[in-house]
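Just so you know, these numbers come straight off a predicted model, no measurement behind them. Reckoned from all heavy atoms, side chains included, excluding hydrogens, waters and symmetry mates.
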Amino acid sequence: MATASVNMQSVFASGLATRKISTNKLFFAGNFPNLKRNYPVGVRCMAEGEPMKDESAPSTSAAQPLSSSSPPPPPPRPTKPKVSTKFSDLLAFSGPAPERINGRLAMVGFVAALAVELSKGENVLAQISDGGVSWFLGTTAILTLASLVPLFKGITAESKSKGFMTSDAELWNGRFAMLGLVALAFTEFVKGGTLV
């Protein structure tokens, strides 16, 4: 116990932080050629109830530099969150499926509505009443099934997005297609005819 007290007193006597001694300001610095300029500070602590080590072992003091025998362990890798494959979780309001499926349907619907309007000259309401409902239901069933199969396997769209065609770009394109389809139908309703 006495050596630990002496070691701690020498640590506190030498200073708590690393500091440099300027030889210009001390008139007696030339008289001590072995004067160290950097004082490393080391602190060792033990939990109560832990058996004490042999005090004859060399301890870290202010005169001995701190050395590490092994490098610190690498930080743990972030784990990917487990993706739920339950039907109710996938189709929940904030789940991964609803917006993605609606966006994909809107992209197909917007392009199809413009293509039929340019080719036949029918507005969106006329397209729906002229057999468009069966096409809509068929396309909805196929795209919904194709979108849900990877999600049931635990594969997310974010894990497969690379380069230019990312999952965020698909979401934004789907959102713009939804707005475009609503704007097309509203404009044709107000105008009373086709857009082009």
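- Side-chain heavy atoms closer than 4.5 Å link hydrophobic residues (I, L, V, M, F, W, Y) into clusters, and following such links, possibly through other members, connects Phe110 to Val133.
- Linking Ile, Leu, Val, Met, Phe, Trp and Tyr whenever their side-chain heavy atoms come within less than 4.5 Å puts Leu114 and Leu181 in one cluster.
- Every residue meeting the side chain to side chain contact (heavy atoms under 4.5 Å, CB included) condition with Ala157, not counting sequence neighbours, appears here in chain and number order: Arg100, Ser167.
- Minimum heavy-atom separation, Glu117 to Asn123: OE1-CA, 4.4 Å.
- Environment of NZ in Lys191: crowded, with over 12 heavy atoms of neighbouring residues, nucleotides or ligands closer than 6.0 Å.
- Within a 6.0 Å sphere centred on CZ of Phe152, other residues, nucleotides and ligands contribute more than 12 heavy atoms.
- Contact annotation: the side chain of Phe136 never approaches that of Ile128 to less than 4.5 Å [non-hydrogen atoms, C-beta and beyond].
- Considering Thr187, Thr194, Leu184 as possible partners of Val124, the one that fulfils the side chain to side chain contact (heavy atoms under 4.5 Å, CB included) test is Leu184.
- Taking 4.5 Å as the limit, every side-chain heavy atom of Leu125 sits out of range of all side-chain heavy atoms of Glu188.
- Residues Trp135 and Leu145 are members of separate hydrophobic clusters, defined by side-chain heavy-atom contacts under 4.5 angstrom among Ile, Leu, Val, Met, Phe, Trp and Tyr.
- The CG atom of Asn102 lies 10.5 Å from the CE atom of Met107; values are rounded to the nearest 0.5 Å.
- Annotation for Pro98 and Ala92: closest pair CG-O, 3.2 Å, computed over non-hydrogen atoms.
- Here CD of Glu158 is found 7.0 Å from CG of Asp168. Values are rounded to the nearest 0.5 Å.
- Using a 4.5 Å heavy-atom threshold, the side chains of Thr140 and Leu105 count as touching.
- Residue Leu143 is grouped with residue Ile101 when hydrophobic side chains (ILVMFWY) are merged at heavy-atom distances under 4.5 angstrom, including chains of intermediate members.
- With hydrogens and angles ignored, the 3.5 Å screen pairs no side-chain donor or acceptor of Asp130 with any backbone N or O of Ala126.
- For the atom pair Glu170 CD and Arg175 CZ, the distance stands at 11.0 Å (nearest 0.5 Å).
- Here the straight-line distance linking atom CD1 of Ile142 with atom OG of Ser147 works out to 11.5 Å at 0.5 Å rounding.
- Scanning all heavy atoms of the two residues, the minimum distance from Ala97 to Leu151 falls at CB-CD1, 3.8 Å.
- Counting only heavy atoms from C-beta outward, the side chains of Lys120 and Gln127 never approach each other to under 4.5 Å.
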